[in-house]
Amino acid sequence: MSQITRRDLIKIFGASAVATSGLLGASKEAYAKSSAHIVIVGGGIGGASFAKYMRLANADVKITMIEPHPQYTFCPGSNEILSGHETLENLTVNYNTLKSRFNVDVIQDVATEINYEGHQVNTLHNGKISYDKLVVSPGPDFDFHFVDGYSAELAEGDFPHAWKAGPQTAKLKQQIDSMPQGGVLLISSPRMPYRCPPAPYERASFVANMLKETNPTAKILILDSKDNYVFQNHFEHYWKQNHQFGQEGSRIEWIPAKKGGVVTKLDATNKIVTTTSGEQIKADVINIIPEEKAGRFAIENGLALGSNWVPYEPKTFASKVHPDVYVIGDMVDAPMPKTGYVASNQAKVVAAAINDLLAGREPGTPFITNNCVAMAAEDYGMTITATFRYTGGIKDKGFSTQVRTSAITDNPYTNRIRAEVAKNWQRTFRKDMFS
Amino acid sequence: MKRTLFLALLSAGLLSLNAQAVAAEGGAKLTDAQIKAIIDAQPMPTGKMLADNCSACHGTLGAEFNEAMPPLAGMKKENFIKLMKDYRANAFPTIVMHDVAYVFTDAEIEAMADYFAAQKAEEWTRPDFKGAHE
Ligand SMILES: Cc1cc2nc3c(=O)[nH]c(=O)nc-3n(C[C@H](O)[C@H](O)[C@H](O)COP(=O)(O)OP(=O)(O)OC[C@H]3O[C@@H](n4cnc5c(N)ncnc54)[C@H](O)[C@@H]3O)c2cc1C
């Protein structure tokens with residue numbers, strides 16, 4: 001039998017050449033290689049999940065990851081640093097296992113520019129890197145202009161947002177710990193969409209629980225740019241039971257947007273914020289969680305098509321700009337919350353799709369869940385299970401949504417086990433990408 | 001349901017929800033008929049596609065053997081199917097699995113069962129791991 005099969009062609013020319021010829025015409029580089037080269041921008045949750053799951057699916061492709069930092073610090077769990085239940089060290093991982101066991105070439109550098117037609121991505125220090133497929137997961141950038149007087153420099157200085165776990169988290173903890181007795185922590189919670197919708201309230205909870213012991217007359221004021229939020233029933237239930245929420249002397253106060261909760265201005269010198277209702281509020285510690293948009297790399301390379309978030313082809317998460325560039329994580333404009341759980345599952349969809357395409361198969365139907373757990377305390381957890389099915393349509397950006405959240409219960413064991421599930425998730429999730 | 005009917009439903013706006021709000025707040029629910037239409041309109045996701053969604057809690061390839069979560073790697077097919085169907089039916093109280101399992105069809109549960117039954121029942125990470133060959 002002398003018929004040349006697709007498999008033989010892959011052996012001779014490399015999978016990428018066979019897979020992409022006839023679509024766009026593969027690049028010259030692709031023909032010259034013995035196996036496809038997949039390059040990843042960003043070694044966070046989306047990028048690392050993709051690298052590992054791509055390798056699980058395919059031992060032969062060449063995988064290169066571009067990430068400026070030698071380590072990655074997980075945001076999930078970082079609110080618990082503020083109350084002393086978690087440490088930055090414990091949430092920080094390195095890329096050694098991805099390099100050694102999963103044969104990922106990790107380049108410590110910043111990706112700058114995509115040459116779409118030339119199939120190359122430029123970097124600050126390592127020049128141009130050719131790819132057959134590019135996977136982009138740079139996360140979000142913070143958009144400070146919604147609050148007059150706030151800036152990236154102030155966030156690095158005395159007004160940490162701590163919405164990316166790291167030195168700002170440590171700084172915020174130190175500020176909260178040194179508040180005077182009876183001091184005020186002000187948290188400004190942003191409009192949707194932003195990464196991890198329940199996290200501002202989780203933050204308020206963990207800090208309140210600690211203050212109850214260390215600084216019992218201190219107060220937390222949440223100024224919200226929304227009128228409601230996920231798990232609101234759970235948080236308010238817990239706060240009523242533990243912090244007199246809604247009563248005289250409550251440790252936590254929550255002001256929704258419609259009652260003037262939107263912060264418009266920061267007077268950094270005097271530690272005063274101004275809200276839409278014109279009220280001026282002074283606080284000892286001011287934690288403004290900024291609005292977000294797709295990371296600069298995505299915006300500058302036109303992946304957002306002029307908007308703030310990146311559109312995608314729902315079946316494969318290929319970008320709208322070029323079919324060999326895939327977009328995942330917080331920066332995509334998906335009808336899904338911006339969580340690490342979702343970012344990692346989008347990454348698995350892309351790994352499966354690329355593996356199918358390289359083998360000459362039609363990509364399969366994607367399936368994405370966000371089965372997330374949040375906490376109000378070390379002994380109070382809450383769960384949300386969301387399933388996103390690919391519809392094949394264009395409404396709702398290609399996915400349907402089914403959601404359930406856990407019911408309120410006064411059974412302390414149930415609340416406690418839910419919190420244990422959350423802690424297990426954090427551990428196992430970190431391992432799922434980095435070991 | 002036929003694909004054309006499904007598309008007609010879509011364009012009639014019946015499935016047009018503010019998905020971002022739904023995702024965040026658990027708002028308006030799709031009816032069983034709408035869900036069935038969505039499932040029927042596409043080829044079933046592979047067992048791997050479905051099952052890899054479990055890894056954040058149960059470990060890579062379902063192979064996390066810690067105190068908090070039961071491992072799925074190497075689980076007998078019948079046991080997996082029975083448990084998932086019991087969860088789906090809310091046959092007994094669980095912390096979260098009834099809220100996870102209710103979305104899956106029989107065929108999807110079986111495909112996941114096959115996938116996990118085929119995995120080595122050994123703690124991840126496996127030093128011998130090399131990746132699959134096409
Ligand atoms: C306080 C807090 C708590 C959270 N808790 C949870 C939780 O409990 N559960 C959950 O699921 N999610 C949680 N999240 C959300 C989660 O952290 C994000 O959804 C997730 O990190 C998104 O992954 P990503 O890959 O899009 O971005 P990231 O994980 O932010 O990764 C982006 C990476 O890209 C790199 N990068 C950026 N630009 C470039 C460039 N030009 N070149 C190369 N590399 C670049 C960055 O250095 C970074 O490492 C939480 C977030 C916060 C802030």
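Residue numbers begin at 1 in each chain, while the letters A, B, ... track the order of the sequences.
We find the CG-CG distance between Asn345(A) and Asp52(B) to be 8.5 Å, quoted to the nearest 0.5 Å. Considering NZ of Lys348(A) and NZ of Lys48(B), their distance stands at 9.0 Å, rounded to 0.5 Å.
Counting heavy-atom pairs under 4.5 Å between each of Asp99(B), Val100(B), Leu50(B), Ile95(B) and chain A puts Asp99(B) at the top. Ranking Thr385(A), Asn103(A), Ile368(A) against chain B, the residue ahead of the rest is Thr385(A), based on heavy-atom pairs under 4.5 Å. For the set Thr369(A), Thr383(A), Val61(A), Thr97(A), the count of heavy-atom pairs under 4.5 angstrom toward chain B peaks at Thr369(A).
Within the 4.5 angstrom heavy-atom criterion, only side-chain atoms of Tyr341(A), from C-beta onward, approach chain B. Contact annotation for Arg427(A): only side-chain heavy atoms (C-beta onward) come within less than 4.5 Å of a heavy atom of chain B.
Annotation: side chain of Glu64(B) is in contact with side chain of Lys431(A) (closest heavy-atom distance under 4.5 Å). Side chains of Tyr53(A) and Ser55(B) form a contact here, defined as non-hydrogen atoms less than 4.5 Å apart. In this structure, Thr428(A) and Cys57(B) have side chains that are not in contact, with every pair of non-hydrogen atoms separated by 4.5 Å or more. Looking only at side-chain heavy atoms (C-beta outward), Asn371(A) and Val96(B) stay at 4.5 Å or farther from each other.
Asn53(B) places a side-chain N or O within donor-acceptor distance of the main-chain N or O of Phe367(A), the cut-off being under 3.5 Å. Under the 3.5 Å distance criterion, the side-chain polar atoms of Lys52(A) are left unmatched by any main-chain donor or acceptor of Thr60(B). When atom types are taken as modelled, the side chain of Gln42(B) and the backbone of Thr391(A) share a donor-acceptor pair closer than 3.5 angstrom. Using a distance-only test at 3.5 Å, with no hydrogens or angles considered, a donor-acceptor pair links the side chain of Thr365(A) to the main chain of Pro43(B). Checked by atom type and distance alone, the side chain of Lys29(B) never pairs as donor or acceptor with a backbone atom of Gln402(A) at under 3.5 Å.
The interface of residues 103-114 of chain B with chain A, defined by heavy-atom distances below 4.5 Å, comprises Val103(B), Phe104(B), Glu108(B).
Other residues, nucleotides and ligands contribute at most 12 non-hydrogen atoms within 6.0 Å of the NZ atom of Lys82(B). Within 6.0 Å of the CG atom in Asn411(A), the count of heavy atoms belonging to other residues, nucleotides or ligands exceeds 12. More than 12 heavy atoms of other residues, nucleotides or ligands shown are found within 6.0 angstrom of CZ on Phe92(B). Dense packing is recorded around NZ of Lys85(B), with more than 12 heavy atoms of other residues, nucleotides or ligands lying under 6.0 Å away.
Counted by atom type alone, Tyr102(B) and Thr387(A) present zero donor-acceptor pairs between their side chains at under 3.5 Å.
Contact record, Met49(B) with Pro366(A): SD-CA, 4.1 Å, taken as the closest heavy-atom pair.
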